[in-house]
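Read the structure below first, then the notes.
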Amino acid sequence: MKLSRRLLVLLSILLSFTLIAAACGDDDGGASASSLDDSLGLVTVGSGEEIQIRSLEAITGDVAFLGIPNERGTVLAIADYGPIGGHDVNMGTGLDDLCSADGGQAAAQTIVSDESVIGVIGTSCSGAATAAAPLIAQAGMVMISGSNTSPALTSDLQGTAGENWVAGYYRTAHNDLFQGEAAATFAYDELGIRNAAAIHDGDPYTNGLASAFKNAFEAKGGEVSGFTAVNKGDTDMVPVLTEVASGSPELIFFPIFEPEGDFIAQQVGGVAGLEGVTLMAADGLLNDNYLGLPESAGMYFSGPDVRYGENTNESTGKTANDFLAAYEAAYGEVPSAPFWAHSYDATVLLLDAIKASSAEDGDSLVISRAGVREYLNGVTNFSGLIGSLSCDAFGDCGSQKITVIQDTDPTDVEGAKNNVVFEFAP
Amino acid sequence: MTAVGVRSTRRVSWVDRFLTTLRIVLIALIVVGLLAFIAQQIDNDNAFARRRNPGATGLTAAQVKGLFVTGVAQGAMYGLIALGYSMVYGVLGFINFAHGEVFMLGTMSGFIASTKLSDAGYWESNFIGSFLLIILIAILVSTATAVVMERVAYRPLRDSPRLIPLITSIGVSFFIQNAVLGLFGPNSKSYPQLPEWLAKNRTILTFDIPGTKIMVLVVAAVSMAGLWWVVERTKTGKAMRAVAEDKEIAALMGINVDRTIVLTFAIGGAMAGIGGILWGLSFRSVTHLTGFLPGIKAFTAAVVGGVGNLGGSMAGGVALGTAESLGPQVILEPLGVKGVSQLRDAVAFTALVVVLLFKPAGLFGERLSEDDRA
């Protein structure tokens with residue numbers, strides 16, 4: 001099977017060479033198969049065959065709220081984009097990264113065993129990407145994530161590569177290095193808070209963000225009187241809130257997820273010593289369900305700029321509002337996390353890259369793996385659903401802007417998303 | 001005495017010594033923690049309290065009472081779920097790990113019904129009526145799930161070794177979780193807000209208790225009383241007890257064993273449905289994974305109380321809920337442990353270990369005959 005495919009590739013390349021040799025001068029200015037960079041290999045999509053890409057997201061378990069909208073973002077982007085050079089794009093069955101390193105590794109091995117795959121959209125979790133990205137990159141494929149935020153996967157944004165960075169890895173999500181600092185700056189400078197508490201849930205992402213907040217807040221001269229964690233699956237938050245109440249904080253920063261974040265907001269009012277405390281969360285709780293909770297009134301949220309609204313993806317011509325309408329029509333619910341837009345843009349970037357680095361050859365399409373990377377490295381000011389995208393040398397393509405919003409009226413979720421009270425850019 | 005005999009005696013005594021040490025260490029930990037807590041409550045500048053926890057601030061009386069009340073309410077819900085584990089174990093002798101999902105389906109159906117009622121305006125205008133309606137719906141859904149589960153997954157395995165239905169129940173659990181994920185999506189879903197008159201705090205015996213927790217305690221007590229009446233005072237209950245005692249003899253006495261087993265699953269499911277609604281109204285949030293941790297905790301509660309004993313399951317639930325709520329703050333924090341709240345699950349399972357070390361059959365458990373333990 002494998003051998004015959006390799007043989008087929010070789011034959012079709014030979015065939016394309018002879019065809020080009022025969023029809024020299026037929027070139028109409030676009031790339032021809034012979035001019036493609038084959039340093040990482042070429043992939044030939046034969047007549048009637050589909051272009052293969054893959055989706056690798058956390059679609060089961062307790063991070064499914066993040067991975068499922070990401071996967072659907074990819075599905076809808078492929079549908080909006082349409083065929084490339086007469087070939088449909090096939091995502092296959094959505095793969096599961098299980099939000100863990102071993103899940104990422106297992107899925108990546110499945111992906112790289114199929115040599116026709118050009119690129120992967122995913123993973124949902126940075127932990128899974130650490131294991132998956134090296135395998136995928138080594139196979140000459142690219143990986144573009146819509147929701148990894150760990151600085152280790154790209155760089156510190158100052159020119160030093162992160163410890164897990166590999167060439168061939170890209171992401172449209174923001175680099176998390178600055179979110180903790182943004183939240184601390186907002187709390188200290190804008191709200192005048194001097195005593196804060198932070199609660200995470202043991203997950204590397206929430207722990208990292210809560211620690212970044214703590215360090216930045218203390219560096220500014222504030223006191224972090226409580227730094228603790230809840231367990232995923234906990235419902236009764238009175239004990240943890242009682243624990244932080246003993247330090248009498250003025251603000252609680254809890255960059256965690258639903259449903260634990262719901263319980264904190266609901267139960268904080270019943271804990272002695274926390275009357276009038278300010279609540280602040282991060283992008284993990286930045287979704288329509290949470291913003292619509294009556295208890296989230298007055299809360300602050302740090303995260304990527306989610307004022308997607310009429311932002312238009314320049315390649316598909318669709319706006320974020322078009323996407324949301326299509327999403328609701330297809331799935332009967334609103335997205336449970338804001339990174340669908342990042343995944344949509346990631347998918348379109350991959351498809352653009354395939355289009356730019358491929359050449360039609362009769363009925364088949366020849367795609368250069370090196371060309372795909374070259375295209376992605378050169379992305380500048382691409383207008384997508386999330387805003388303007390430009391890729392740096394370490395694969396950070398997202399807009400690195402952090403905003404803080406305040407949910408003043410839970411009955412108006414869109415209004416809350418637009419109610420930006422603070423912007424922070426490194 | 002043969003050499004083999006000597007060796008086995010020595011091995012037993014080594015294990016015994018280890019267990020005794022474990023008992024002493026755990027008890028010492030609890031006693032020292034409690035003493036340090038009392039010391040810090042009397043005066044938080046106390047040298048004894050400062051020794052391990054230099055930043056000791058102590059808790060106010062209101063905070064301690066708050067922790068206690070929240071623990072008891074949480075425990076009552078564990079107890080309601082634990083009844084289902086206990087009843088099935090009593091009758092069939094295996095642990096139905098999918099019971100947590102029966103509970104989750106109760107919470108989920110309550111969510112769907114309550115949002116529909118809320119959209120129609122009925123939730124706000126007639127809360128009592130809506131409450132009874134969603135409890136009824138949750139009971140129906142949970143009972144139906146439990147009955148179908150028994151028919152499809154467990155009855156065909158009735159005569160196989162007990163490990164087989166046990167593994168099957170884990171499979172059923174995954175199936176239900178992912179079916180709900182597929183049907184309703186991964187979003188966390190929120191119940192509508194409770195009316196102000198119910199949610200507001202009330203003062204009972206100097207305890208400032210949120211109304212929802214009073215509701216949980218009342219409904220749990222009523223359900224428990226109803227269950228006790230069914231099991232102890234009705235013919236059906238008598239049949240259930242007879243089947244639990246010995247299936248073959250019960251069959252000879254003219255009891256329809258299959259029907260009784262279905263009834264056991266149905267009643268366990270109904271209790272889980274009630275628990276599900278209480279959970280939904282207390283925490284107002286449900287996902288496809290809502291059943292997992294409460295299921296494990298309820299199973300722990302059933303073991304703590306003595307699996308097979310219904311009163312024991314409820315008592316075990318309340319004991320476990322209180323221990324995991326108070327334990328971190330009252331025992332671990334004074335010992336200088338950092339970030340104690342994330343240790344609540346560890347505290348709950350340590351409580352299980354402590355109980356089993358002193359009473360291997362659980363707090364109210366009876367020693368099972370050799371035959372039952374096979």
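Letters A, B, ... mirror the listed sequences (proteins, then strands); counts begin at 1.
Within the model, atoms OG of Ser282(B) and CD of Gln267(A) stand 9.0 Å from one another, a figure rounded to the nearest 0.5 Å. To the nearest 0.5 Å, the span separating CG on Leu293(B) from NZ on Lys232(A) amounts to 13.0 Å.
Between the Glu258(A) side chain and the Asn187(B) main chain, no donor and acceptor come within less than 3.5 Å of each other. Judged purely by atom type and a 3.5 angstrom limit, Gln193(B) has no side-chain atom pairing as donor or acceptor with the backbone of Pro294(A). Not a single donor-acceptor pair under 3.5 Å links the side chain of Asp262(A) to the backbone N or O of Ser285(B).
Residues Gly71(B) and Asp236(A) share a closest heavy-atom pair of N-OD2, 4.3 Å. Annotation for Gly61(A) and His288(B): closest pair O-NE2, 3.5 Å, computed over non-hydrogen atoms. In plain terms, the two heavy atoms of Leu67(B) and Pro239(A) that are nearest each other are CD2-CA, 3.4 Å. Here the shortest heavy-atom pairing between Asn289(A) and Ser188(B) reads ND2-O, 2.7 Å. Closest approach of Glu333(A) and Phe184(B) over heavy atoms only: OE1-O, 3.4 Å.
Within 6.0 Å of OH in Tyr308(A) there are more than 12 heavy atoms belonging to other residues, nucleotides or ligands. By the 6.0 Å contact criterion, CZ on Phe175(B) is open, its count of non-hydrogen atoms from other residues, nucleotides or ligands being 12 or less.
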Pair Arg344(B), Asp234(A) - check salt bridge (charged side-chain N to carboxylate O under 4.0 Å, His left out), show working. CA-CA 9 Å; Arg344(B) 55 181 284 142; Asp234(A) 274 359; 3.7 Å; yes
Could you walk me through whether Gln74(B) and Thr235(A) pass the side-chain hydrogen bond (donor to acceptor under 3.5 Å, both in side chains) test, one step at a time? CA-CA 9 Å; Gln74(B) 183 94 352; Thr235(A) 44; 3.1 Å; yes
Let me see the working for Arg284(B) and Leu293(A) under side-chain contact (heavy atoms from CB on, under 4.5 Å), right down to the final yes or no. CA-CA 10 Å; Arg284(B) 301 211 357 255; Leu293(A) 277 184; 4.2 Å; yes
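Put simply, of Asn231(A), Ile68(A), Ile59(A), Thr242(A), the one with the most heavy-atom pairs under 4.5 Å next to chain B is Asn231(A).
Neither the backbone nor the side chain of Val271(A) comes within contact range of chain B; no heavy atoms are under 4.5 Å apart. At a 4.5 Å heavy-atom cutoff, Asp288(A) makes no contact with chain B through either its backbone or its side chain.
Between the side chains of Asn178(B) and Thr60(A), no donor-acceptor pair is found at a separation under 3.5 Å.
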